[in-house]
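Below, chain A is the first sequence line, B the second, and so on; all start at residue 1. Only this structure's heavy atoms are used, side chains among them; waters, hydrogens and symmetry mates stay out.
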Protein chains: 2
Amino acid sequence: MEKLFFVTRSEENYIKTIFHLGGNSSALIATNAIAEQMETKPSSVTDMAKKLAEKGLVHYKKYQGISLTDIGIKTALSIIRKHRLWEVFLVKKLDFTWDEVHEVAEQLEHIKSEKLIDKIDELLDFPKFDPHGDPIPSKDGKFMERDKQLLSDVELNTEGVCVGVKDTSAAFLKFLDKNKIALGNTIKVLEKEDFDQSLHIEMEGKALHISHQIASNLYIKKND
Amino acid sequence: MEKLFFVTRSEENYIKTIFHLGGNSSALIATNAIAEQMETKPSSVTDMAKKLAEKGLVHYKKYQGISLTDIGIKTALSIIRKHRLWEVFLVKKLDFTWDEVHEVAEQLEHIKSEKLIDKIDELLDFPKFDPHGDPIPSKDGKFMERDKQLLSDVELNTEGVCVGVKDTSAAFLKFLDKNKIALGNTIKVLEKEDFDQSLHIEMEGKALHISHQIASNLYIKKND
DNA sequence: ACAAATTTTTAGATTTGTCTAAATTTTAAT
DNA sequence: ATTAAAATTTAGACAAATCTAAAAATTTGT
Ligand SMILES: [Mn+2]
Ligand SMILES: [Mn+2]
Ligand SMILES: [Mn+2]
Ligand SMILES: [Mn+2]
């Protein structure tokens, strides 16, 4: 007793959103939070909550909040796996840039074929992270959360490597491109401005001055 | 004035079906024919006919029949292009067999991204035919109909090459696999049985006896 | 040409996913 | 502990895509 019901595209999008808002574990996610994230109305979320509870994908108690069941979590991980693998495919095989992939992956993540996604995984040589540095769940739902910190949180003189972005908007990613900031680049924190918390850093040997807004959306992995 | 409206997945499926039933040119396609092909009810087809006419994708006159407008034809060709390119992709890049690809392509053909399909086209080196021998329309809607004939229609001693299948069902394709009949194989018609119209042929040098049903679903290109 | 058969359309209902506006419950503030 | 504010749910509506049953138009057979 597991894949009992067909899950629609809309249901998949709700499940994914609940997961991203932390609805795994036993945290209860608010109706409003889901509505805001999905740019829909709270009443629509309530309607869907009932439907998903009916299908055994979420726990739902009126007025209390929503969280994913085990099956819901498995479903979410499967969608996220597909989304991220397609993103890697688009970048590695079709020369998409990292700011172009999300939109298309939003569509591709709903394609229903286990064989398809497993073959894509194989074609890409089983990547562990997507183009934004986010981990890719394996077929059985496991994934390694990388040891990473926001650049804005590390102390002076820290050296490391860019490993991910928090903000994945096209606008932010294009800004990073323009400033030659890319995942894999080496980085060192040279100075912190107390006044505006901007940072003077060295990236791949070149000096760069970046705002707090940028630093608080870039993940780095500190050198051992 | 061209891509005026958003075309839904359901509308795309109707457009494609009308095209395949010959609704390009000015032939009028019957409501019942469309309903049968799509395994839906005639009343649903009528409803959709009105919607598509409203959007300028089909010509529709009550009780007379349905045909595609120029925009409708362009739309159909774009969907068919996507379907067939994805089929080639699945076979060439992901080792799908030709009997497995159709189902998945039915989903992938609805992905909306011009860049995606053009890059897939490029990755595959601009194939002209899909795994079943059907021509792939180019970006601008042109395609070459191959010079081909049903094996059941050619005369005795004809020599040629298998270039396509008429029946694309998984059952038929698997049958061909089992009998080592593949596109690209050389073929020669040795003898025709008058009684049941079965054929004795030579395929890649090996003798084979095939029924009329098989011969009438295999396309060959005669040697010059 | 005209009745019978067939095809097609209409009318009305259903499901899914969404919305607005009103009612209810929970939470926060005094 | 009340009251005010905020969050959530309900009730009722709507659009899309489908269906069934009945009505209308067309085609066919004699
Ligand atoms: Mn993404
Ligand atoms: Mn990503
Ligand atoms: Mn196909
Ligand atoms: Mn095909």
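- The aromatic rings of A/Phe175 and A/Phe172 lie parallel to each other, with less than 30° between the two planes, well short of the 60° mark.
- A cation-pi geometry, defined here as NZ or CZ lying under 6.0 Å from the six-membered ring centre and within 45° of its normal, holds between A/Lys115 and B/Phe96.
- When rounded to the nearest whole Å, the span between CG of A/Asn13 and P of C/dT16 equals 17 Å.
- A cation-pi contact, defined as under 6.0 Å to the ring centre and within 45° of the axis, is absent between B/Lys50 and B/Tyr60.
- For the pair B/Lys112 and B/Glu12, the salt-bridge criterion is met [side-chain N within less than 4.0 Å of a carboxylate O].
- Aromatic pair A/His132/A/His102: centroids not less than 6.0 angstrom apart.
- For the pair B/Arg146 and B/Phe129, the cation sits on the ring face: its NZ or CZ lies under 6.0 Å from the ring centre, inside 45° of the axis.
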Please list, for nucleotides 3-5 of chain D, all pairs of protein and nucleotide N/O atoms separated by less than 3.5 Å.
none

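- A/Arg9 places its CZ atom 12 Å from the P atom of C/dG17, with the value rounded to the nearest Å.
- Among the protein residues, A/Ser44 comes within range of the nucleic acid bases, having at least one heavy atom under 4.0 Å from a base atom.
- The separation between A/Glu39 atom CD and C/dT18 atom P is 13 Å, rounded to whole Å.
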field: B/His110 vs B/Asn13, side-chain hydrogen bond (donor to acceptor under 3.5 Å, both in side chains): CA-CA, chis, key distance, verdict
entry: CA-CA 9 Å; B/His110 300 292; B/Asn13 284 330; 3.1 Å; yes

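- Here C/dT18 presents its P atom at 7 Å from CE of A/Met38, a figure rounded to the nearest Å.
- The CD-P distance, from B/Glu54 to D/dA15, rounds to 14 Å in whole Å.
- For A/Tyr14, a side-chain nitrogen or oxygen approaches OP1 or OP2 of C/dT18 to under 4.0 Å.
- Atom pair B/Met48:CE and D/dA15:C1' shows a separation of 13 Å (rounding to whole Å applied).
- Side chain to side chain, A/Trp98 and A/Asp177 meet the donor-acceptor criterion of an N or O pair below 3.5 Å.
- Applying the salt bridge (Lys or Arg N to Asp or Glu O under 4.0 Å) test to B/Asp118 and every residue at least two apart in sequence or in another chain returns B/Arg81, B/Lys139.
- Closest to the side chain of B/Glu11, out of C/dC19, D/dA17, C/dT18, is D/dA17.
- At D/dA17, none of the side-chain N or O atoms of B/Thr40 fall inside 4.0 Å of OP1 or OP2 (strictly under the cut-off).
- Protein atom NZ of A/Lys41 is 15 Å distant from nucleotide atom C1' of D/dA7, rounded to whole Å.
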Protein heavy-atom contacts under 4.0 Å, written 5' to 3' over nucleotides 5-11 of chain C as B (base), S (sugar-phosphate only) or - (none), form the string --SBBB-

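- Contact check, B/Thr8 against D/dA17: a side-chain N or O comes under 4.0 Å of OP1 or OP2.
- Between B/Ser10 and D/dT18 there is a side-chain N or O to OP1 or OP2 distance below 4.0 Å.
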